[in-house]
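Following: one structure in structure tokens, then a few remarks.
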Amino acid sequence: MVKPEEFRAALSEKSMRPLWDVMSNIVLPEPAPVAIPAIWEFSDVAPLLEEAGRLISAEEAERRVLVLENPAMQGEVRIVDSLYAGMQLILPGETAPAHRHSQSALRFVVEGEGAFTSVDGERAIMKPGDFIVTANWRWHDHGNETDAPMIWLDGLDIPIVDAFKATFAQRHTEMRQETSRPSGYSEWRHGSGLSPVDEQWDDLSSPQFHYPFARVREALTGLADSGAPDPCHGYRMRYTNPSTGGWAMPTIAAYMTYFQSGFSSKPYRSTESRVCIAVEGEGKVCLGGQSFVWGPKDVFAIPAWTEFLMEAETDAFVFSFSDRAAQEKLGFFRQVAENREVGVS
Ligand code: 1HN
């Protein structure tokens, strides 16, 4: 009989290993994210972003972004296991040159007003609280022709695409792509409960790529006047693709939540890894037993299966995005609200 160590050595030599050595590490009874709960306070991010503005131009950097890296995943360029996030600065007169890639991206506008991002021939003129979808493999560039800096949060599905090693990227021959439609065109076409007659939209991302905050705020405050909040979510709505009713992006789910002052949530957790950014208001969030105080423009990370409790100290809006859109398509998504699994009997 061969000795166990010799057997393992013989297997290793031939690029094999016994599954029984590793099975319990890979087939887990429940999710064990590597990422940990974490917060990035805007008062820490803003001065460093300003410093980055002095160190490098948007053109030189291609994108002047400070990556928000999960403290438990240093060097992995991600905020949670499955998602990338970064804070981007574009100064007056700058251009972030046109390119495209396999990853899907979202922008959530934090500061400044009037700079643009062009996606596939149309400019979105950005205001704080706006949500913008940059579908994968669409040309996109950003420009700031205002006299004030513009800051937004980028969210990308980089780790998801990387899991499949399906990445391509290209630089455009021009710094800025030509626009072929006026600003607002996609919203006029798709953003009012109307759709162009006979149009078959077969792209996986939403044809409405710009969701201005003003309309989202109106919807959520109107709802709050008309009924009680969800005990776990507050007034949480998801951004939808008007042509399908599904998520606005194929891999990334995006939400806006309105909490009224004094709201205190019941426990919730799900398999989604989520990134939140407060738009307005202040509160506390308890993530897996750890408490974080948040205010406007602070970003926090909620790893998969982390129990989540929210307390709003003032009226507050919180934007968030997660990998739920991808998980639902692949059949992974599970959620537990108030200690009961949702959708399972
Ligand atoms: C990207 O294209 C942008 O277009 C921002 O602003 C961040 C991070 C990694 C890869 C591509 C942008 C990015 C990115």
Side-chain angles (χ1 to χ4, degrees), residues 40 45 48-49 52-53 55-70 73 75-112 114-128 130-146 149-177 179 205 209-210 248-252 254 273 275 277 299 301 319 321 323:
W40 288 262
V45 174
L48 294 167
L49 206 45
L55 280 173
I56 194 163
S57 72
E59 198 182 327
E60 245 183 303
E62 184 155 348
R63 298 295 187 264
R64 186 198 290 107
V65 179
L66 298 182
V67 178
L68 307 182
E69 195 164 55
N70 193 277
M73 303 189 81
E76 305 239 1
V77 200
R78 64 191 73 190
I79 185 162
V80 284
D81 293 80
S82 56
L83 295 166
Y84 162 102
M87 205 64 98
Q88 179 156 182
L89 168 69
I90 182 159
L91 292 169
E94 287 191 323
T95 300
H99 69 192
R100 61 179 178 178
H101 39 69
S102 314
Q103 293 86 356
S104 298
L106 66 83
R107 327 272 162 220
F108 187 77
V109 183
V110 173
E111 221 169 72
F116 68 83
T117 179
S118 292
V119 182
D120 202 24
E122 184 179 328
R123 284 183 178 183
I125 311 293
M126 298 186 273
K127 284 189 178 174
D130 289 4
F131 165 61
I132 293 149
V133 175
T134 306
N136 59 331
W137 208 243
R138 295 287 182 262
W139 294 113
H140 56 284
D141 51 272
H142 320 301
N144 186 352
E145 285 161 9
T146 76
M150 185 93 198
I151 297 173
W152 63 81
L153 178 72
D154 290 310
L156 286 93
D157 57 5
I158 293 171
I160 299 175
V161 180
D162 185 61
F164 294 97
K165 297 292 176 217
T167 306
F168 295 89
Q170 255 179 6
R171 277 291 284 270
H172 201 284
T173 50
E174 305 294 328
M175 282 279 282
R176 289 182 179 180
Q177 66 183 299
T179 52
S205 285
F209 78 109
H210 184 193
M249 302 170 71
T251 48
I252 302 180
S273 293
V275 178
I277 179 166
V299 176
F319 172 83
F321 65 95
D323 55 12

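Indexing begins at 1, ligand by ligand and atom by atom, following the structure's order. It should be emphasised that the depicted structure is a prediction, and the values quoted were computed from it without experimental measurement. Below, each value reflects all heavy atoms present in this structure, side chains not excepted, and no hydrogens, waters or symmetry copies.
Checking side-chain atoms of T117 against main-chain N and O of A124 turns up no donor-acceptor pair under 3.5 Å. Judged by distance alone, with hydrogens and angles left aside, the side-chain atoms of D323 form a donor-acceptor pair with the main-chain N or O of S273 at under 3.5 Å.
If you check which protein heavy atom lies closest to atom 5 (C) of ligand 1, you get D154 OD2, 3.4 Å. Protein heavy atom in closest approach to atom 13 (C) of ligand 1: L156 CD1, 3.9 Å. Looking from atom 11 (C) of ligand 1 to the surrounding protein, the closest heavy atom is H101 NE2, 3.6 Å. For atom 12 (C) of ligand 1, the nearest non-hydrogen atom of the protein is R63 NE, 2.8 Å. Looking at atom 9 (C) of ligand 1, its nearest protein heavy atom turns out to be I158 CD1, 3.4 Å. Looking at atom 6 (O) of ligand 1, its nearest protein heavy atom turns out to be H142 NE2, 2.6 Å.
With respect to H140, the side chain to side chain donor-acceptor pair (under 3.5 Å) criterion is satisfied by exactly one of H172, H101, R100, Q177: H101.
Contact between R107 and ligand 1 is present, with at least one heavy atom of the residue lying under 4.0 Å from the ligand. For H99, the closest heavy-atom approach to ligand 1 falls below 4.0 Å.
Taking the six-membered ring for Trp and thresholds of 30 and 60 degrees, F321 and F319 have ring planes inclined between 30 and 60 degrees apart.
Considering only heavy atoms from C-beta on, M150 stays 4.5 Å or farther from H142 through its side chain.
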- After noting the C-alpha distance and the side-chain angles of I132 and F209, does the key distance pass the side-chain contact (heavy atoms from CB on, under 4.5 Å) rule? CA-CA 6 Å; I132 293 149; F209 78 109; 4.0 Å; yes

- Query: Stepwise, does the side chain to side chain donor-acceptor pair (under 3.5 Å) test hold for W139 with D141?
  - Reply: CA-CA 7 Å; W139 294 113; D141 51 272; over 6 Å; no

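Residue contact check: H140 has heavy atoms under 4.0 Å from atoms 2 (O), 4 (O) of ligand 1. Those atoms of ligand 1 with a heavy atom of Y84 less than 4.0 angstrom away are 7 (C), 8 (C).
Counting heavy atoms closer than 4.0 Å to ligand 1, residue T134 contributes nothing at all.
Around atom CD of E59, no more than 12 heavy atoms belonging to other residues, nucleotides or ligands sit under 6.0 Å away.
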